[in-house]
Structure formats: C-alpha cells, structure tokens
Amino acid sequence: MKNVGLKFSALLIPYYAMWAIGPGFFVVILEQKGVAANETAIFTCLISLTAAFVQPLMGFLCDKTGKAKTILSVCSVLTVLAYTWLYFLNGTVQLVFCSILIGATINAMYGFSEGWLSKLDCEKLGVNFGAVRSIGSLAYAVTAGVYGQLFDAFGAVSLPIAMAVSTVVLIPIAMLCPNPRVSEKQKDEGNFAVIFRELLKNRRFVLMVICYALAVLPTGAATSYYAIHIRQLGGTAGDVGMALFILAGVEFLTMPFYKKLEKKFGAEKLLIVAFFMYGVKNLAIGLSGNVTFALLASVTQAGCFSLSLPGVQSYVDQITPREYAATAQLVSNTCGQIVSQIVGLAICGVLTTFIPAGAALAWLSIFAFAGCAIFAVGLKKLGKTNI
C-alpha cells in the first residue's frame with residue numbers, strides 16, 4: 001500500500017482528462033450535428049438515467065470482488081468505443097443507443113475513484129483525499145483549456161483520438177494501484193438489495209443525499225446548459241474549454257485545504273456552506289450578460305464543489321460501515337449528483353423553450369438554497385444521534 005496517494009494522483013490525471021474531453025464536449029458535438037438544445041437535454045438525461053442504474057452496481061462489485069482496477073479499465077476501453085461511435089453515428093436511434101453506452105461507461109465511472117479510495121480507507125493510509133482529488137481537477141482544467149483549442153482546430157474527429165490516448169495512459173497506471181481487500185465473509189454474504197436497505201435506514205445518510213441532490217440539481221443542469229449559455233452569449237468551443245478550465249483550476253487550488261477546514265469546522269457545517277454556494281454559483285452564471293462574466297462566475301466553484309466533493313466523501317465514510325464503503329459512496333453520488341442532474345436537465349429543457357439558458361440556470365438556484373435550509377434544519381433535529 002506504499003505511496004497510495006501518489007499512485008491515485010497519477011491515475012486521476014488521465015481519468016479526469018477523459019472527463020474533460022468526452023462529457024465536456026458532448027453537447028458541442030450534438031450541436032454540430034444539428035441537434036436542438038431541448039433535444040440535447042433528452043439525450044443527456046438518458047445518459048444520466050443509465051448511469052444512475054449502473055453506478056451503484058459498480059460500487060457493489062468493488063465491495064464484493066475487490067477488482068477495482070479491472071472494472072475501471074474495462075469501462076475506459078468501452079468509453080473509447082462509445083465516443084468513436086458518437087463521431088460516426090447518423091440518426092436518432094443510433095444516438096439513443098450511443099447515449100446509453102456512454103451513460104453505462106464514463107458517466108457511471110464518475111465517483112468510482114472516491115469509492116475505491118474509501119474502500120482502501122483514506123484515514124488509515126494517511127491519504128488526503130482532497131489533495132489527491134485536486135490533481136484530477138488540475139488534469140481536467142489543463143485538458144479542457146488545451147482541448148478546447150484543439151477542437152476548434154481539428155473538429156470532432158479529435159475527440160475519440162484524445163479519449164483513446166487517455167485510456168492508453170490510464171490502464172497501466174490503474175494496474176499499479178492496489179485493489180481493495182475483500183474478506184471471505186463479504187464475498188459470501190450480502191447482496192446489493194440488502195446493503196441498499198441498510199443505507200435507507202441511516203437517517204443522516206438519507207438526509208444528506210436528499211439535500212445533496214437538491215443542492216447539486218442546478219449545477220446538474222449547468223453540466224450541459226453552461227456550454228449552451230456561453231454559446232448563446234456568442235462564445236466559441238474555445239470559450240467552453242476555458243470555462244471548464246477555470247472551474248477545475250479553482251478546484252485544484254482550493255480542494256487540498258478541505259481537510260484543515262474539516263478539522264476546524266466539521267463536515268456538516270462545510271456541507272451547509274457548500275449547498276448554499278451551489279445556489280450562488282448558478283445565479284452568478286445565469287445572470288452573466290457576456291462571455292467574460294460567465295467565465296468569471298466559475299470561481300464560485302471554490303465555495304461549492306471544492307467543499308462538497310471531499311465533504312460528502314468524508315461524511316459518508318464517517319456515518320456508514322467500512323464493509324460497503326464503495327457502495328455507499330457510489331449510491332450517494334448517484335442519488336446526489338446523477339439523479340439530480342436528470343431532474344435538473346429535464347426542468348431546464350422545459351424552461352429553455354420559453355426563456356434563455358442563462359435565465360433558466362438562475363431560476364434553478366432555488367433548489368440549492370432549499371437543500372441548504374433542509375439540511376441545516378434536519379441536522380438540528382437529528383442532534384447528536386449517529387443515525
């Protein structure tokens with residue numbers, strides 16, 4: 001288990017480079033194929049819906065088999081095939097099945113590194129998850145900034161090529177990372193339904209997931225509509241890449257300090273702040289009247305995502321048993337991010353038929369403020385109880 005932090009830091013470089021290239025420019029490719037903004041929302045919802053079913057099962061497989069590196073490697077290869085298909089496809093039916101494949105691979109992979117590290121036990125290994133994850137943000141930032149320019153220069157054909165290069169780098173590094181150990185009892189006993197029921201009995205876990213979903217819902221919509229908003233303001237694919245660069249760059253600069261903040265304030269207080277700032281983020285982006293202000297609004301990422309990602313990871317570890325750490329992490333990610341993204345995209349898709357994308361994003365901030373309020377009140381009612 002030596003140098004686990006360094007190995008995972010290296011792994012997250014190609015891992016998040018793939019995220020910057022694929023999901024980051026999925027909307028741009030559909031736009032070039034003549035797909036309307038409201039139709040794009042349908043396909044991104046389909047991707048998220050598929051991931052919502054597959055992602056918890058990935059966590060369960062990690063807990064049950066311990067073969068984390070194999071799961072990640074297979075999904076990476078299938079992701080390359082999915083985006084190659086996206087480039088060549090023609091017609092709605094093909095796009096539907098391609099979206100399902102993307103949802104079952106790279107989108108379902110999101111959060112897998114958190115589950116993997118939680119299964120290994122970050123605290124026991126002395127691994128600062130925020131610092132490790134910030135390397136992924138840096139990789140995302142640099143890749144998004146550079147790839148935005150490459151996309152403008154070479155077009156959509158560059159996407160499957162760039163994804164393939166990232167995968168070729170990722171798999172050997174994944175093989176160097178340790179698989180989590182699984183006891184014979186874990187192999188022989190338990191199934192996903194049993195574990196899921198146990199999680200539903202945990203009131204703190206359920207409260208956090210519900211409020212996390214509400215808080216992230218506006219940003220879930222912004223996953224696609226931030227790019228559309230920038231394009232409606234007259235921006236280019238390069239500007240979209242710069243927006244992603246700023247978002248991830250801010251994460252890199254601030255996420256390593258999360259652990260110090262948690263020691264001082266506690267995970268629950270930091271999550272309250274993060275949920276509130278998700279609303280501020282969408283307001284700032286949605287109300288921006290030009291590309292420059294839309295890009296500058298990205299710095300609000302420091303107050304929401306930079307606190308919520310390591311915060312949720314740490315909080316889930318604190319309130320759930322180690323035996324199903326990966327499952328708990330991916331269930332929280334599925335319900336808190338993917339499901340909320342589906343709902344957010346659906347609502348935003350309806351709103352954008354009447355108002356611009358920016359205005360729709362601003363209105364959705366209401367959900368984040370509601371999630372913040374419910375979480376604060378819910379924690380007060382739960383008091384000092386463990387569940």
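Just so it is clear, the values below take in all heavy atoms, side chains as well, and ignore hydrogens, waters and symmetry mates. All of these numbers come straight from a predicted model, not from anything done at the bench.
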| Test applied, side-chain contact (heavy atoms from CB on, under 4.5 Å); reference residue, Tyr15; option that passes from Ile173, Leu72, Thr167 | Leu72
| Spacing of CE belonging to Met163 relative to CE belonging to Met18, to within rounding of 0.5 Å | 4.0 Å
| Considering residues at least two apart in sequence or located in another chain, which fulfil the side chain to side chain donor-acceptor pair (under 3.5 Å) criterion with Ser308? | Tyr278
| message | Is it the case that the side chain of Ser73 and the backbone of Thr70 share a donor-acceptor pair, with hydrogens and angles ignored and the cut-off at 3.5 Å? | response | no
| field | Side chain to side chain, Val209 and Val316, heavy atoms closer than 4.5 Å | value | no
| said: Do Tyr83 and Leu81 land in one hydrophobic cluster if side-chain heavy atoms of ILVMFWY residues count as linked below 4.5 Å? | reply: no
| message | Phe367: which residues meet the ring-ring contact (aromatic ring centres under 6.0 Å, His included) condition with it, sequence neighbours left out? | response | none
In residues 284-298, what donor-acceptor pairs under 3.5 Å come from side-chain atoms, sequence neighbours left out?
from	atom 1	to	atom 2	distance (Å)
Ser288	OG	His229	NE2	3.2
Ser288	OG	Ile285	O	2.5
Asn290	OD1	Thr292	N	3.2
Asn290	OD1	Phe293	N	2.9
Ser298	OG	Tyr226	OH	2.5
Ser298	OG	Leu295	O	3.1

| request: Check whether any side-chain N or O of Asn107 sits under 3.5 Å from a backbone N or O of Ser48 as a donor-acceptor pair, and report yes or no. | output: no
| message | So, using side chain to side chain donor-acceptor pair (under 3.5 Å) as the criterion, who are the partners of Ser76 when residues are at least two apart? | response | none
| Are Phe43 and Ile47 close enough that some pair of their side-chain heavy atoms sits under 4.5 Å apart? | no
| field | Minimum side-chain heavy-atom gap Tyr16-Leu138 below 4.5 Å | value | no
| task | State whether the side chain of Asn179 and the backbone N or O of Ala68 hold a donor-acceptor pair below 3.5 Å, judged by distance alone. | result | yes
| task | State, yes or no, whether a side-chain contact exists between Val77 and Ile171 at a heavy-atom distance under 4.5 Å. | result | yes
| task | Return the minimal non-hydrogen interatomic distance between Ser99 and Leu46, and the atom names on each side. | result | CB-CD2, 4.0 Å
| field | Beyond-backbone contact of Asn3 with Phe8, side-chain heavy atoms, under 4.5 angstrom | value | no
| field | Any donor-acceptor pair under 3.5 Å from Ser158 side chain to Phe154 backbone | value | no
| When you measure from the side chain of Lys281 to the backbone N and O of Thr219, does any donor-acceptor pair fall under 3.5 Å? | no
| message | Checking the side chain of Ser166 only, and the main-chain atoms of Ala162 only, is there a donor and an acceptor separated by less than 3.5 Å? | response | yes
| request: Ignoring hydrogens and angles, state whether a donor on the side chain of Gln329 or Asp317 is under 3.5 Å from an acceptor on the partner side chain. | output: yes
| query | Hey, are the side chains of Leu351 and Phe354 touching, using non-hydrogen atoms and a 4.5 Å cut-off? | reply | no
| note | Taken to the nearest 0.5 Å, the spacing of Leu12 CG from Leu170 CG works out to 9.0 Å
| query | With sequence neighbours left out, what residues match Glu268 under side chain to side chain donor-acceptor pair (under 3.5 Å)? | reply | Arg204, Tyr315
| task | Would you please say whether a donor-acceptor pair under 3.5 Å links the side chains of Ser306 and Gln301? | result | no
| Under the side chain to side chain donor-acceptor pair (under 3.5 Å) test, residues paired with Thr327 that sit two or more places apart | Asp63
| query | Does Leu307 reach the side chain of Met277, with side-chain heavy atoms less than 4.5 Å apart? | reply | no
| query | Are Phe26 and Leu159 side-chain neighbours, meaning at least one heavy-atom pair lies under 4.5 Å? | reply | no
| field | Thr320 (side chain) donor-acceptor with Ala328 (main chain) under 3.5 angstrom | value | no
| task | Answer yes or no on whether Arg133 is positioned over the face of Tyr258, meaning its NZ or CZ is under 6.0 Å from the six-membered ring centre and within 45° of the axis. | result | no
